[in-house]
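In what follows, a single structure is set out as structure tokens and then discussed.
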Amino acid sequence: MPKLRSEFLRVLTERGFVHQCTDAEGLDARAADGTITAYVGYDCTADSLHVGHLLSIMMLRWLQQTGHRPIVLMGGGTTKVGDPSGRDETRQLLSEAQIDANMASIKASFERFLTFGSGPTDAIMVNNADWLDSLAYIPFLRDFGRHFSVNRMLSFDSVKLRLEREHALSFLEFNYMILQAYDFLELARRHDCVLQMGGSDQWGNIVNGVDLARRIDQRELFGLTCPLITMSSGAKMGKTAQGAVWLNGDRLSPYDYWQYWRNTEDADVGRFLKLFADLPLDEIARLERLEGAEINEAKKILATAATALLHGRAAADAAAQTARETFEHGQAGTDLPTIEMARAELEQGPAAFALFCRSGLTASNGEARRLIKGGGARINDAPVSDEARSLSTDDINAEGYIKLSAGKKRHALVRIV
RNA sequence: GGAGGGGUGCCCGAGUGGUUAAAGGGGACGGGCUGUAAACCCGUUGGCUUAGCCUACGUUGGUUCGAAUCCAACCCCCUCCA
């Protein structure tokens, strides 16, 4: 590829965001010659996005940072259909009320990454239910359905995999790619959007939109996908002890989010810094060269930078501070999850395992008992050896709380009130 | 609508009347080694008031001293036919 003229594509390429592009030269020319508008779509299948969505959010962020206009498309309409990509099973059909609630809950995540408004490069948010809900079946089929070849649709991974594995694929889901293609056309017409971005699993859907716009409007659109990010060990990103790595703070606290990045594997640090932090590339190059235990410094910088992008600088610093106190000084930082217990209850000698469960460190009393048996449970940093161990006011430490630990990394505080 | 195959724990998957809370693998968690890393070794992996009890093999009933395993009906998935 010849040297890139546009800052936008240059930044994305240098940082490792680009997997495939329908026409890199053409897109580069458009982005170099003026302001372009690009979008990424997000379905409302849960009440929070997770780290898997982060890559595309960062692409929108860099788009805006390099002088272009991002559109966040909320899939209020497409969520009613359900994307079969990457799924063995039909998605559970969500009610409109659930979809609306999810959408409202997801929206907040974008506000830290993008600047919304009405200026030329301000981000806007749209909902595809606005045009999909009112489509009339027969006119839609005649105007747009005739441009889709079933032969070709069957060859797309999202469909092919289901068929090969002999799993159910409903006609409802089969329509998803058509609707996504139509979204792109609609955004091109309404907002002069010329580029759709997304994960590599969206390539087929994106290309469909590009093709549709060329056939119907003789409009030239572009598609750009980012790679599927896996950890060096081969595992997919985004799992912690508590489950998915959610972006909403009420699903996963800023402290736990910080911890997620802090525990990045050595081999991934450089790559993740480029993708998920907004540090200058020469700074990242310096951090990447750190070896052995020194690379932990890079991990802390990654964690703080990534957390700051999502939750703000103050929350990131607080998480870093708590981590320092907890791991480097053996104290308990204030950001640790905390539960409260009445003094009267403590005086009755509650079982330790029950408290581990109540604090959220374990999912059940049985799991807490097993943790104790396995030697992974500690109270005020002292290992718990007796499964029947109960707590008393003697366990309150100098600061007025009881510190519970499950393993070396997960801690919780019991504050006595 | 017809014929055949199938639905097992977080996932995959063995199990065709009792010793089955259910082999094996993956994942996850804990311990060891480390650097809050990876790799490797060990352990754990339904719930509870834990020497016991309860709930569980698509659903509901039935046979039996005893069922994930046998029978019936129903629901769902796949393949082929119409």
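Chain naming here is simple, since letters A, B, ... match the order of the sequence lines and numbering starts at 1 in each.
- Side-chain atoms of A:Asp317 and A:Thr304 form no donor-acceptor pair, as typed in the model, at a separation below 3.5 Å.
- If you check distances only, the side chain of A:Glu367 never reaches the base of B:U44 with a donor-acceptor pair under 3.5 Å.
- One can place NE2 of A:His411 at 9 Å from C1' of B:U36, the figure rounded to the nearest angstrom.
- Applying the Watson-Crick and G-U wobble criteria (two distances, each under 3.5 Å), B:U44 pairs with B:A28.
- Distances were taken from every side-chain heavy atom of A:Lys408 (C-beta onward) to each of B:U45, B:G35, B:U34; the shortest belongs to B:U34.
- With both ends at atom P, the span from B:U8 to B:C70 equals 16 Å, rounded to whole Å.
- Using Watson-Crick or G-U wobble geometry with both donor-acceptor distances under 3.5 Å, B:C70 finds its partner in B:G62.
- B:U63 and B:A72 have their P atoms separated by 15 Å, with the value rounded to a whole Å.
- Across all strands shown, B:A3 forms a Watson-Crick or G-U wobble pair, both distances under 3.5 Å, with B:U79.
- For B:C33, there is no paired nucleotide, since no Watson-Crick or G-U wobble pair has both relevant distances below 3.5 Å.
- A distance of about 15 Å separates the C1' atoms of B:G52 and B:A21, rounded to the whole Å.
- Across all strands shown, B:C57 forms no Watson-Crick or G-U wobble pair with both distances under 3.5 Å.
- Nucleotide B:A21 forms a pair with no other nucleotide shown, judged by Watson-Crick or G-U wobble geometry with both contacts under 3.5 Å.
- Residue A:Thr362 has no polar side-chain atom (N or O) positioned under 4.0 Å from OP1 or OP2 of B:C29.
- Side-chain N/O atoms of A:Asn365 and base N/O atoms of B:G47 include no donor-acceptor pair closer than 3.5 Å.
- On a pure distance criterion of 3.5 Å, no polar donor-acceptor pair joins the side chain of A:Lys373 and the base of B:U50.
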